[in-house]
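Reckoned from all heavy atoms, side chains included, excluding hydrogens, waters and symmetry mates.
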Amino acid sequence: MAEAEGAKSLTGLLNGIAQSSYYGNTEITEELLKSELYPDLPADQFRALLEKMRGLVKSIVSADMDINQIDAFLTAQTKKQGGITTEQAVVLAKFWKNHKRKIRESVVSQSRWENNLKSMNWRIDLKSQSRHRDQENSPVAIVEMEIGNNDKESEFLYLEFNEAKINGMLKQLAEVEDCIRALTQTS
């Protein structure tokens, strides 16, 4: 029972670290974590545990570890003097498995300063009416892009290409691809 309580408290501590460090929740404080999860632990021991877990989570996040990497990392931590227990390693592995994607998304979004492409939709239409008879039934590509940052409202960009412009764009993309291929080829 004590092991289950210890695992539950450690899971709560790791969730608190994720909330305060990666998800931007300012309500999660060191004092709150101590009073809710480890009320009987002396303050210096709690601070040491908190800093150890913060350091481990930071190492795991910065390396963006996969399952094999985290297993090797946590095994090494259990064998290290002053490291973690096997039970703590199990809790850390489970925590990372559950939070990896969300933490990674948070870190990536925090590191972006400029707008980015949020979504893009496209379709090909046939013109059914036109001022000029020869333009009827010609294909038209319509592209809609959502551009923005997570902190502000998105902007939408709408583009329309006729067949000639699409062919010109494809030609330019082929030239760019050839240049990249030429630069990356090893001799």
Side-chain angles (χ1 to χ4, degrees), residues 11-29 32-33 53-74 91-187:
T11 299
L13 181 64
L14 294 170
N15 283 324
I17 290 169
Q19 286 291 325
S20 64
S21 299
Y22 301 104
Y23 304 150
N25 188 342
T26 57
E27 295 176 6
I28 306 294
T29 63
L32 176 71
L33 293 173
M53 292 302 143
R54 266 193 189 135
L56 291 170
V57 170
K58 185 177 179 181
S59 296
I60 292 166
V61 169
S62 64
D64 195 22
M65 294 184 187
D66 63 23
I67 297 296
N68 295 330
Q69 290 171 320
I70 195 162
D71 284 344
F73 175 73
L74 293 175
V91 172
L92 271 161
K94 185 176 180 184
F95 164 80
W96 184 240
K97 179 183 173 199
N98 292 333
H99 289 267
K100 178 181 179 175
R101 184 189 56 75
K102 192 172 178 185
I103 288 176
R104 184 179 187 289
E105 287 174 1
S106 173
V107 168
V108 168
S109 73
Q110 289 172 18
S111 66
R112 285 194 183 122
W113 294 328
E114 298 294 325
N115 289 339
N116 60 331
L117 181 63
K118 287 183 163 184
S119 69
M120 185 172 110
N121 297 310
W122 64 274
R123 69 178 191 265
I124 304 291
D125 288 345
L126 289 177
K127 278 192 174 181
S128 60
Q129 290 182 338
S130 180
R131 289 184 192 174
H132 306 287
R133 195 92 164 119
D134 59 336
Q135 290 181 349
E136 285 184 12
N137 294 325
S138 62
V140 176
I142 299 172
V143 179
E144 175 187 291
M145 292 186 268
E146 181 182 4
I147 300 169
N149 200 330
N150 292 339
D151 301 344
K152 58 184 177 181
E153 196 172 311
S154 297
E155 297 176 9
F156 290 89
L157 178 64
Y158 298 94
L159 305 169
E160 189 173 309
F161 299 99
N162 62 20
E163 189 174 6
K165 287 187 180 182
I166 290 174
N167 289 334
M169 188 173 66
L170 289 173
K171 183 180 177 192
Q172 288 178 337
L173 286 173
E175 290 171 4
V176 169
E177 186 178 13
D178 291 342
C179 289
I180 290 172
R181 190 176 302 117
L183 291 171
T184 58
Q185 280 183 339
T186 56
S187 353

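- When all heavy atoms of I28 and S20 are compared, the pair lying nearest together is O-CB, 3.8 Å.
- Counting heavy atoms of neighbouring residues, nucleotides and ligands inside a 6.0 Å radius, atom CD of E27 does not exceed 12 of them.
- Here the CD1 atom belonging to I103 is positioned 5.0 Å from the CH2 atom belonging to W96, to the nearest 0.5 angstrom.
- Residues forming a side chain to side chain donor-acceptor pair (under 3.5 Å) with N25 (at least two apart in sequence, or on another chain): Q19.
- By the side chain to side chain contact (heavy atoms under 4.5 Å, CB included) test, D71 is found to be paired with I67, residues two or more places apart in sequence or in another chain being considered.
- Within 6.0 Å of CD on E155 lie no more than 12 heavy atoms contributed by other residues, nucleotides or ligands.
- Of all the heavy atoms in G16 and L33, the pair that sits closest is CA-CD2, 3.9 Å.
- In this view, E177 and R181 satisfy the salt bridge (Lys or Arg N to Asp or Glu O under 4.0 Å) rule, not counting sequence neighbours.
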Stepwise, does the side chain to side chain contact (heavy atoms under 4.5 Å, CB included) test hold for M145 with L159?
CA-CA 8 Å; M145 292 186 268; L159 305 169; 3.4 Å; yes
Side-chain donor-acceptor distances from residues 55-65 under 3.5 Å, at least two apart:
unit_1	atom_1	unit_2	atom_2	d
S59	OG	G55	O	3.0
S62	OG	K58	O	3.0
S62	OG	S59	O	3.2
D64	OD2	R104	NE	3.1

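- Partners of L183 according to the side chain to side chain contact (heavy atoms under 4.5 Å, CB included) rule, which considers only residues two or more places apart in sequence or in another chain, do not exist here.
- Under the rule for a side chain to side chain contact (heavy atoms under 4.5 Å, CB included), the partners of S119 that lie at least two apart in sequence or sit in another chain are E146.
- Separation of atoms OH (Y158) and CD1 (I142) is listed at 11.0 Å; rounding is to 0.5 Å.
- Partners of D125 under the salt bridge (Lys or Arg N to Asp or Glu O under 4.0 Å) rule, at least two apart in sequence or in another chain, are R123.
- Minimum heavy-atom separation, R54 to I17: N-CD1, 3.8 Å.
- Listed by chain and number, the residues in a side chain to side chain contact (heavy atoms under 4.5 Å, CB included) with S106 are Y22, Y23, Q110 (sequence neighbours excluded).
- Taking the side chain as every heavy atom from C-beta outward, F95 and N15 approach each other to under 4.5 Å.
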For residues 161-172, tabulate all N or O donor-acceptor pairs below 3.5 Å that involve a side-chain atom, not counting sequence neighbours.
unit_1	atom_1	unit_2	atom_2	d
N162	OD1	A164	N	3.2
N162	OD1	K165	N	2.8
N167	ND2	E163	O	3.3

